[in-house]
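Data block below; observations after.
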Amino acid sequence: MTERTSEGDGVGSGEDGRLRVCVVGASGRMGAEVCRAVAAAGDLSLVAAVDRTGAGLSLGEAIGSAGLAAEEATLGVVGSLTGIGGVHVDVVVDFTVAEAARENLDWCATEGVHAVVGTTGLGPDDMVDLAARFGEGSSANCVIAPNFAVGAVLLMHFSKVASLHMDGAEVIELHHDKKRDAPSGTAVKTAMDMVAARQSAGLDSWPVRGADLDVVPGSRGALVGGYVPVHAVRLPGLVAHQEVIFGAPGQGLTLRHDAYDRKAFMPGVLLAIREVPRRRGLTVGLEALLRLGGIEATP
Ligand code: NAP
């Protein structure tokens with residue numbers, strides 16, 4: 001039996017104020033990990049599991065019983081959110097693909113169920129749509145984050161700071177070979193955030209360097225935000241990694257984050273589940289939930 005941890009403050013509708021959670025994509029790599037993380041959290045209850053392939057099985061049959069209590073292992077997996085019937089849910093967690101996530105978010109907004117979304121591949125148009133659906137249009141809130149690893153969010157934050165002081169940067173993202181989108185949402189956001197940070201500080205764009213040396217098309221990467229080259233690596237054995245390499249005359253700075261295991265994402269996912277009931281409307285990015293303000297200097 002897994003030891004249960006508790007950090008919530010009883011905002012859920014379940015027994016003892018626990019938040020009642022449904023995981024969509026429950027037998028996927030991330031979804032299964034989320035099921036186990038929710039099951040291990042003393043302030044959360046795993047009350048429903050949705051998955052196409054696992055539909056008709058018990059959750060224990062779909063993902064294995066390790067880390068699940070008997071009532072979680074025997075939960076019946078259903079094929080879609082409409083199949084959860086009368087089960088009361090406070091928060092839906094979605095780790096699927098963009099087309100499925102759009103449908104699931106529609107259901108959440110209509111039914112007034114909060115949503116935490118890790119699925120990548122949703123674009124700026126989706127964000128506009130979700131801001132409207134989860135703003136005035138629904139009693140439910142939505143937290144969507146392209147990366148739930150706290151270290152990766154810190155990397156993005158530090159990259160914004162460094163972009164104001166260095167003379168150029170390139171992003172290299174490295175992922176397992178099953179990842180369907182490239183470049184990763186995190187790499188795109190890192191580049192876009194650096195561009196936005198420089199713009200709001202009144203700094204010029206960095207020059208595009210070496211495009212004329214592109215002997216083989218694509219060798220200088222994809223330009224994101226107009227001038228930040230992003231390179232995507234896909235290999236078996238990798239999980240999720242990113243480097244941002246900064247240059248300036250006579251010096252370099254490399255920031256790197258490595259997620260070695262999908263457990264790296266779980267503290268961020270659990271934080272989002274706990275926070276989503278009190279974050280009105282749409283919240284984009286885990287950074288909004290972390291305290292990234294100034295740190296008092298040591299005297
Ligand atoms: P995965 O193992 O392939 O799992 C995907 C899940 O989505 C499976 O349960 C799959 O069910 C389901 N699915 C796929 N297409 C569907 C459809 N059309 N309708 C309904 N369900 C569908 O992938 P993963 O590695 O867990 O990643 C899932 C998502 O999370 C991806 O978008 C990935 O980029 C993202 N991700 C985000 C973070 C983050 O921190 N935000 C971290 C890692 C991954 P079937 O087996 O039936 O196809």
Side-chain angles (χ1 to χ4, degrees), residues 22-38 48-57 59 61-64 75 77-84 92-108 115-123 126-127 130 142-156 173-190 232 234-242 257-273 275-276 283-290:
C22 167
V23 177
V24 190
S27 71
R29 284 162 296 204
M30 285 296 288
E33 202 63 49
V34 173
C35 287
R36 291 188 198 97
V38 169
V50 175
D51 194 86
R52 285 187 317 184
T53 311
L57 301 175
L59 185 61
E61 287 168 335
I63 69 169
L75 271 179
V77 178
V78 295
S80 73
L81 276 169
T82 50
I84 65 174
V92 162
V93 182
D94 186 291
F95 276 93
T96 58
V97 292
E99 68 187 280
R102 285 186 194 103
E103 271 181 36
N104 297 332
L105 287 166
D106 239 24
W107 183 91
C108 289
V116 168
V117 186
T119 304
T120 55
L122 296 167
D126 290 301
M127 296 307 138
L130 291 175
C142 176
V143 172
I144 180 163
N147 200 320
F148 277 108
V150 172
V153 174
L154 292 175
L155 167 60
M156 288 189 262
E173 58 95 333
L174 311 91
H175 283 86
H176 59 88
D177 57 338
K178 302 286 185 300
K179 184 166 175 61
R180 294 194 191 168
D181 48 334
S184 71
T186 299
V188 172
K189 186 165 185 338
T190 305
R234 295 288 175 271
L235 283 173
L238 294 170
V239 180
H241 318 261
Q242 181 168 296
H257 174 258
D258 296 280
Y260 301 115
D261 189 288
R262 291 185 177 82
K263 287 184 174 49
F265 302 106
M266 295 307 120
V269 173
L270 295 182
L271 175 64
I273 293 171
E275 285 286 319
V276 69
T283 302
V284 181
L286 184 64
E287 58 275 28
L289 311 186
L290 300 175

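Predicted model, so just to flag it, every value in this text is computed and none were measured. Indexing begins at 1, ligand by ligand and atom by atom, following the structure's order.
Not a single heavy atom of Glu33 sits less than 4.0 Å from an atom of ligand 1. In this structure, Pro146 is part of the shell of residues with a heavy atom less than 4.0 angstrom from ligand 1.
Side-chain contact check for Thr186 versus His257: every heavy-atom pair is 4.5 Å or farther apart. Two residues are said to be in side-chain contact when any heavy atoms from C-beta on lie closer than 4.5 Å; Val34 and Met266 meet this criterion. The side-chain heavy atoms of Val50 and Val92, taken from C-beta on, include no pair separated by under 4.5 Å. The shortest side-chain heavy-atom distance between Leu286 and Leu271 falls under the 4.5 Å cut-off.
On a distance-only criterion, Thr120 and ligand 1 share at least one N/O pair closer than 3.5 Å. Considering backbone and side-chain atoms alike, Arg29 places an N or O below 3.5 Å from some N or O of ligand 1. Checked by distance only, ligand 1 and Ala26 stay at 3.5 Å or farther apart across all their nitrogen or oxygen atoms. The shortest N or O to N or O distance between Gly118 and ligand 1 is under 3.5 Å. Considering backbone and side-chain atoms alike, Thr96 places an N or O below 3.5 Å from some N or O of ligand 1. Close N/O approach between Thr53 and ligand 1 is found [any backbone or side-chain N/O within under 3.5 Å].
Formation of a donor-acceptor pair under 3.5 Å by the Asp258 side chain with backbone atoms of Tyr260 is not found in this model. Checked by atom type and distance alone, the side chain of Asp51 pairs as donor or acceptor with a backbone atom of Ser27 at under 3.5 Å. When atom types are taken as modelled, the side chain of Arg36 and the backbone of Ile63 share a donor-acceptor pair closer than 3.5 angstrom. At distances below 3.5 Å, at least one donor-acceptor pair connects side-chain atoms of Glu173 with backbone N or O atoms of Ser184. Put simply, the side chain of Thr119 gets close to the backbone of Thr96: a donor and an acceptor are under 3.5 Å apart.
When heavy-atom distances to ligand 1 are checked against a 4.0 Å cut-off, Ala240 has no atom that comes that close, whether in backbone or side chain. Using a 4.0 Å cut-off between heavy atoms, Phe148 contacts ligand 1 through both its backbone and its side chain. Looking at Ala98 against ligand 1, nothing comes within 4.0 Å, counting heavy atoms. At a heavy-atom distance under 4.0 Å, no atom of Lys178 approaches ligand 1. With a 4.0 Å cut-off on non-hydrogen atoms, Asp51 touches ligand 1 through its side chain and not its backbone.
Near Thr119, meaning under 4.0 Å from one of its heavy atoms, ligand 1 places the atoms 32 (O). Remark: ligand 1 atoms within the under-4.0 Å shell around heavy atoms of Ala100 are 17 (C), 19 (N), 20 (C). Within ligand 1, counting atoms from 1 as listed, the ones closer than 4.0 Å to a heavy atom of Gly25 are 9 (O). Every atom of ligand 1 is numbered from 1 in the order shown, and the set under 4.0 Å from a heavy atom of Lys179 is 34 (O). Using a 4.0 Å cut-off to heavy atoms of Val97, the atoms of ligand 1 that qualify are 14 (C), 15 (N), 16 (C), 17 (C), 18 (N).
The nearest protein atom to atom 18 (N) of ligand 1, hydrogens excluded, is given as Arg52 NH1, 3.4 Å; this is a heavy-atom distance. Taking atom 44 (C) of ligand 1 as the reference point, the nearest protein heavy-atom neighbour is Met30 CG, 3.6 Å. The nearest protein atom to atom 4 (O) of ligand 1, hydrogens excluded, is given as Gly28 CA, 3.4 Å; this is a heavy-atom distance. Remark: minimum distance from atom 30 (O) of ligand 1 to any protein heavy atom is reached at Phe95 CD2, 3.3 Å.
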Stepwise side-chain contact (heavy atoms from CB on, under 4.5 Å) test for His241 and His176: CA-CA 9 Å; His241 318 261; His176 59 88; over 6 Å; no
Worked check of side-chain contact (heavy atoms from CB on, under 4.5 Å) between Glu33 and Phe265: CA-CA 9 Å; Glu33 202 63 49; Phe265 302 106; over 6 Å; no
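Residues Gln242 and Thr190 bring a donor and an acceptor atom of their side chains to less than 3.5 Å of each other.
Across Val188 and Pro183, no two heavy atoms sit closer than the pair CG2-CG, 3.7 Å.
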